[in-house]
Amino acid sequence: MYLIEQKRLLERLRAVLQENYDIQAATLAIEQPPEIRFGEYALPLAFELARRLRKAPRKIAEEIVAALGEVPGFAGFEVAGAGYINARLDRPAAAQSLAAASTVSAPEHPIHALVEHTSINPNKAAHVGHLRNAILGDTFVRLLRAAGQQVAVQNYIDNTGVQVADVVVGLMHLEGLTLAGVQALMARLQQEQQRIDYYCWDLYARTSQWYEADPEQKQARKQLRLDTLHAIEHGGNDTAAIAELVSTAVLRRHLETMLRLGIEYDLLPRESEILHLHFWDAAFELMKAGGVLYLEAEGKNKGCWVMKRAGAEAVTDGPDEDAKVIVRSNGTVTYVGKDIAYHLWKFGLLGKDFGYRPFFEYPGHRCWITAETGDPDHPHFGGAQAIFNVIDSRQADPQANVIEALRGLGFTRQAANYTHFSYEMVALTPRCATELGYEVSAEDAARPYIEVSGRKGFGVKADDLIDRLIAATQAEVDSRHPELPLAEREDTARQIAVGALRYFMLKFTRNTVIAFDFKEALSFEGETGPYLQYAVVRTRSIFRKADTTPEQSLADIHGIDTAPFLNGEEGDSIWQVWLRAAKTTLLLEQCIETAEPSYLARHAFQLAQDFSNFYRKHHILTEANPDRKKLLLATAAVAQRELIRSLALLGITAPEVM
RNA sequence: GGGCGAGUAGCUCAAUCGGAUAGAGCACCGGCCUUCUAAGCCGGGGGUUGUGGGUUCGAUUCCCGCCUCGCCCA
């Protein structure tokens, strides 16, 4: 509703500017007045025109208001302040229209988008940083789908990388296990119901320390690490089999952890297939032919295949010492090289495809994994028109280089539709680190936050956090609603815990470092998920007691004259809820355009606040005037509808009671 | 050395393309449960937006210098 009126107003304004001043305005700024009593839209355009027209802003604003005349859906326009034009909606009409529906206009040609998120090295348990990634990515998927786009969700698995190699070194050389020994270990862990990702968390940290522990052995151990990595990359040996076994088991644990938060994937592309299906060879040929790669003849990169770094100037005299090495002089391909090949595949430009086989079953949905020879009957993957890579900001440089390679190959459209969905890391506050029993140096204690490190085993595991959240919400629910059956209390506690966690990860803008603290994350008051859920629960209670439904209440205001109840200060306090509720679609569009889910989180919070204010001020069930009561019920209904809708976009559900 | 990001209330964060009195939450103080759920609501104190210039009707926002912190690259 809000967007439609906004577009109509701007169209009319453009026409007025054209007719009266012969001005073609491409973009017109539109805001909301500081207080709702001034109207719903504020236009500062008279200020901009003042100079051009050599007139006082107020005078221009008055002329424009006179020229606007009657605009359908609007009650009037007025000049305010030094020259603002404030627009007032026809509130009763707007309420009727919002009550009828809140729709998103479906795109004419839905985009085939590919969102990649989570992408945890399968060598240890997921931690809070991975949670931020997965929750951001999953939320963005929900936003795109709500806007009518076709979205495939991928979780990239680096199963042949150095991190997996470290755990394999730990198993084989610290624990002295063979392939059969590792199989026995995994069986034992399963029998004892121990999480293998937790076991690897500790082993990975131990192995990392072991490399450095003995100065005399340091060189030999680093060589062992390198040999192990190469054996894994090559495949077809026991070392690779151990890597496959362990990384796949850890991967399954990651999928289970994320499923606790309602996060699912369509495909798990693995590095092992990128290697074994020789994706790089195809990309190498394309890049050589396209002139993107060249063999450096002199300087420090002599003998390497390099490309111009993203954003760098072309070097004409001598070697480009700043160039990005793609193939080292010993013939090995760098990570960026493999990533370029993978991204050519994502856009359907590589001329090669993976094999696929089923890997994980969700209720009503199957997740596939790549394979050298797969199931012949599989869905189509890749070939996206737009891609979004949810990767932390530290990867900005390699991401830029992949985009640069695409552009260099002439795939400018694809390069333009490649979004590095960047976000800052989750770190721990020094207090949190101390609380967890880690030793904190004096230097670290003085910092606002300390970076999480899997190598040091330093961090908060995702499942531990979820477990703690559930324990805390369970205690609250049990004490508030002892009369409910256990299953219902558990389900309620789970929903609140998930709501608290998801909202916590979404309330910050992407480029803010989150300094994680249990006190804040386990808070259920104020700007938190449970606050939003509580607002919904209150509306549910109203409809239960009123013996009606939100749908019926929205239908019931059709035909009544709501105008007497939507004016003045009293009316403003009701209208505020409608106005906020009307903006959900606008916020959805803004979130997609800016790739910033936090705006919607904030919107949902503000709507919950508006409703809470309204709820306190107007007692619905005891309202004497029947028409006014209908409006109040419809207000609660529209608040509930848009809250549930906004929360769903954030991946949060609201329980029946709490 | 080069690149990117950040610096706003005691703390954690917002602030749409440059707009009206810079807003929330937490913490603190004081009120509100016999009326739809107090995981709530109302009120209060709390700001030289790191710093010095510039641009203009108007700057937290844009430009330049400096300081501090974080990340990335060699």
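Naming convention: chains lettered A, B, ... in sequence-line order (proteins, then strands); numbering from 1 in each chain. Owing to the predicted nature of the structure, the values given are computational and were not obtained by experimental measurement.
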**Student:** Here's a test for you: under side chain to side chain contact (heavy atoms under 4.5 Å, CB included), which of M425(A), H117(A), M505(A) qualifies with N133(A)?
**Tutor:** H117(A)
**Student:** When we call it a touch if two heavy atoms are under 4.0 Å apart, what does P398(A) touch: a base, just sugar-phosphate, or nothing?
**Tutor:** nothing
**Student:** What is the pairing partner of rC28(B), taking Watson-Crick or G-U wobble pairs with both distances under 3.5 Å in any strand?
**Tutor:** rG44(B)
**Student:** For a quick check of understanding: with a heavy-atom distance under 4.0 Å over all strands, which category does H618(A) fall into, base, sugar-phosphate or nothing?
**Tutor:** base
**Student:** Quick check for you: among rC36(B), rC32(B), rC26(B), whose closest atom lies nearest to any side-chain atom of H619(A)?
**Tutor:** rC36(B)
**Student:** Between rA39(B), rC73(B), rC32(B), which one does the side chain of D397(A) approach most closely?
**Tutor:** rC73(B)
**Student:** Just compare rA74(B), rA24(B), rG40(B) and give me whichever is closest to any side-chain atom of E527(A).
**Tutor:** rA24(B)
**Student:** Across all strands shown, which nucleotide pairs with rC36(B) by Watson-Crick or G-U wobble geometry, both distances under 3.5 Å?
**Tutor:** none
**Student:** Could you tell me how far rU56(B) sits from rU12(B) if I compare only their P atoms? Round to whole Å.
**Tutor:** 37 Å
**Student:** Considering only atom P, compute the distance from rA39(B) to rG46(B) and round it to an integer number of Å.
**Tutor:** 31 Å
**Student:** Does rG1(B) have a Watson-Crick or wobble partner in any strand here, with both distances under 3.5 angstrom, and which is it?
**Tutor:** rC73(B)
**Student:** Choosing from rG70(B), rG40(B), rA24(B), which nucleotide comes nearest the side chain of Y534(A)?
**Tutor:** rG40(B)
**Student:** Mind checking F38(A) for me? I need base, sugar-phosphate or nothing, with any heavy atom below 4.0 Å counting as a touch.
**Tutor:** nothing
**Student:** Quick one, D320(A) with K308(A), criterion salt bridge (charged side-chain N to carboxylate O under 4.0 Å, His left out). Give me CA distance, side-chain angles, the key distance, then yes/no.
**Tutor:** CA-CA 8 Å; D320(A) 179 2; K308(A) 183 176 81 73; over 6 Å; no
**Student:** Using the P atom as the point on both nucleotides, what is the distance between rU49(B) and rU60(B), in whole Å?
**Tutor:** 7 Å
**Student:** Can you tell me which nucleotide in rA39(B), rA20(B), rC36(B) comes closest to the side chain of I542(A)?
**Tutor:** rC36(B)
**Student:** Strictly by Watson-Crick or wobble contacts shorter than 3.5 Å, is anything paired with rG58(B), and which nucleotide is it?
**Tutor:** none
**Student:** Mind telling me whether rC29(B) is syn or anti, cutoff 90° either side of 0?
**Tutor:** anti
**Student:** Contact class for Q609(A) (heavy atom, under 4.0 Å): base, sugar-phosphate, or nothing?
**Tutor:** sugar-phosphate
**Student:** Measuring from the side chain of A42(A) (C-beta onward, heavy atoms only), which nucleotide among rA20(B), rC41(B), rA15(B) has the closest atom?
**Tutor:** rA20(B)
**Student:** Between rC64(B) and rA6(B), how far apart are the two P atoms, rounded to whole Å?
**Tutor:** 15 Å
**Student:** Quick check, are the ring centers of Y41(A) and Y2(A) under 6.0 angstrom apart?
**Tutor:** yes
**Student:** So which nucleotide from rG5(B), rA39(B), rC26(B) ends up closest to the side chain of K519(A)?
**Tutor:** rC26(B)
**Student:** Can you see whether F518(A) has R468(A) sitting over its ring - NZ or CZ less than 6.0 Å from the centre and within 45° of the normal?
**Tutor:** yes
**Student:** Please state the P separation for the pair rU8(B) and rG47(B) - nearest whole angstrom.
**Tutor:** 15 Å
**Student:** Is it true that D556(A) and K630(A) have a side-chain N and a carboxylate O under 4.0 angstrom from each other?
**Tutor:** no
**Student:** Under 4.0 Å, heavy atoms only, any strand: does N613(A) hit a base, just the sugar-phosphate, or nothing?
**Tutor:** sugar-phosphate
**Student:** Taking the C1' atom of each, how far is rU21(B) from rC33(B), in whole Å?
**Tutor:** 34 Å
**Student:** Expressed as a whole number of angstroms, how long is the span from I514(A):CD1 to rC13(B):C1'?
**Tutor:** 11 Å
**Student:** Considering only rA39(B), rC13(B), rU56(B), which nucleotide approaches the side chain of R51(A) most closely?
**Tutor:** rU56(B)
**Student:** Can you tell me the base-pairing partner of rG7(B)? Count Watson-Crick or G-U wobble geometry only, both distances below 3.5 Å, and say none if there is no partner.
**Tutor:** rC67(B)
**Student:** Over all strands shown, is V513(A) touching base, sugar-phosphate only, or nothing at heavy-atom distances under 4.0 angstrom?
**Tutor:** sugar-phosphate
**Student:** In plain terms, say whether K59(A) and E63(A) are close enough for a salt bridge, that is, a side-chain N and a carboxylate O under 4.0 Å apart.
**Tutor:** yes
**Student:** Taking the side chain of T622(A) as its heavy atoms from C-beta onward, which of rA14(B), rG25(B), rU35(B) lies nearest to it?
**Tutor:** rU35(B)
**Student:** In whole Å, measure the gap between the C1' atoms of rA22(B) and rA14(B) for me.
**Tutor:** 10 Å
**Student:** Judged by each residue's nearest nucleotide on RNA chain B, which is more toward the 5′ side, P448(A) or S523(A)?
**Tutor:** P448(A)
**Student:** Heavy atoms only, 4.0 Å cut-off, all strands: where does A546(A) land among base, sugar-phosphate and nothing?
**Tutor:** nothing
**Student:** For rA20(B), give the paired nucleotide (Watson-Crick: N1-N3 plus N6-O4 or O6-N4; G-U: N1-O2 and O6-N3; both under 3.5 Å), or none.
**Tutor:** none
**Student:** Of the options rU12(B), rG5(B), rC72(B), whose atoms approach the side-chain atoms of N511(A) most closely?
**Tutor:** rG5(B)
**Student:** Sticking with atom C1', work out how far rG25(B) lies from rC41(B), rounded to a whole angstrom.
**Tutor:** 15 Å
**Student:** Using O4'-C1'-N9-C4 for purines and O4'-C1'-N1-C2 for pyrimidines, with syn meaning within 90° of 0, is rC32(B) syn or anti?
**Tutor:** anti
